[in-house]
Amino acid sequence: MAAGSAPTQLQLRATIRTKTGSCVPREWIYHLAEGSTDLSTEGRPDMKTQLFSSSCPGGIMLKETGQGYQRFLLYNRSPNPPEKCVEEFQSLASCLDSKAFLLTPRKQEACTQSGD
């Protein structure tokens, strides 16, 4: 995560492993409107994103709301974040009425930022 090209931008980059095992770089740019705590996602005008504070080092918690869906996301620089980070995330999501949790499998080595 890094500051964007403008003071009201936040840039998130990740490399995601697909089902086939290849690594695909992704990038999201969030914009913060003056006087609001909501973020808008560049290229996704239908989606609203809220960023939550976390005591977890190297991690962020997001709530995304779009047309017909709502999801909570925990991103961490480590493929295996500390258990306290997962517990903090589950607690926040529960307080915001989420009832189901999906933990994606971590069976392979993490992708590198260079695209593997």
Side-chain angles (χ1 to χ4, degrees):
M1 184 172 281
S5 58
T8 57
Q9 278 187 359
L10 185 62
Q11 186 176 29
L12 178 63
R13 280 186 248 143
T15 305
I16 301 168
R17 187 177 304 277
T18 65
K19 290 180 187 178
T20 63
S22 60
C23 292
V24 179
R26 300 297 292 248
E27 180 177 281
W28 300 268
I29 297 176
Y30 296 100
H31 298 272
L32 179 62
E34 191 172 327
S36 174
T37 58
D38 295 334
L39 301 169
S40 62
T41 306
E42 194 168 284
R44 303 280 309 272
D46 62 318
M47 188 166 69
K48 180 176 97 174
T49 303
Q50 292 175 281
L51 180 63
F52 292 89
S53 63
S54 171
S55 62
C56 187
I60 60 170
M61 294 187 287
L62 303 172
K63 175 185 174 186
E64 292 182 346
T65 308
Q67 293 179 343
Y69 77 92
Q70 172 180 285
R71 64 183 177 179
F72 298 90
L73 304 163
L74 170 65
Y75 289 104
N76 197 281
R77 291 184 176 171
S78 167
N80 299 301
E83 187 62 30
K84 71 176 183 121
C85 296
V86 176
E87 290 170 0
E88 178 185 36
F89 171 73
Q90 289 178 329
S91 176
L92 170 70
S94 290
C95 286
L96 296 170
D97 235 9
S98 181
K99 294 173 179 48
F101 297 96
L102 173 65
L103 187 60
T104 57
R106 303 286 188 236
K107 296 177 183 171
Q108 297 178 327
E109 291 296 314
C111 293
T112 62
Q113 283 295 330
S114 63
D116 219 24

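Just so you know, residue 1 is the first one in the sequence shown, and it goes up from there.
Remark: Asp97 CG to Gln70 CD distance equals 8.0 Å, nearest 0.5 Å. Interatomic distance, CG of Leu73 versus NZ of Lys63, reported as 12.0 Å (0.5 Å rounding).
Note on Ile29 and Tyr75: separate hydrophobic clusters, where clusters join Ile, Leu, Val, Met, Phe, Trp and Tyr whose side-chain heavy atoms are under 4.5 Å apart, directly or indirectly. One hydrophobic cluster, built from ILVMFWY side chains closer than 4.5 Å, holds both Leu62 and Trp28.
Proximity of Leu92 to Glu88: side-chain heavy atoms (C-beta onward) are nowhere separated by under 4.5 Å.
Here the closest heavy-atom approach between residue Ser55 and residue Lys84 is recorded as O-NZ, 4.1 Å. Asn76 and Gly59 get closest at one heavy-atom pair: ND2-CA, 3.7 Å.
Looking at Ser94, its side chain does come within 3.5 Å of a backbone N or O of Gln90 through a donor-acceptor pair.
Applying the side chain to side chain contact (heavy atoms under 4.5 Å, CB included) criterion to Ser98, with sequence neighbours excluded, gives Phe72, Ala93.
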Identify every side-chain donor-acceptor pair in residues 42-51 under 3.5 Å, counting partners at least two apart or on other chains, and give the distances.
{"from": "Glu42", "atom 1": "OE1", "to": "His31", "atom 2": "NE2", "distance (Å)": "2.8"}
{"from": "Arg44", "atom 1": "NH2", "to": "Tyr69", "atom 2": "OH", "distance (Å)": "3.4"}
{"from": "Thr49", "atom 1": "OG1", "to": "Thr41", "atom 2": "OG1", "distance (Å)": "3.4"}

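Counting only residues at least two apart or in different chains, disulfide bond (SG atoms under 2.5 Å apart) contacts with residues 34-66 comprise Cys56-Cys85.
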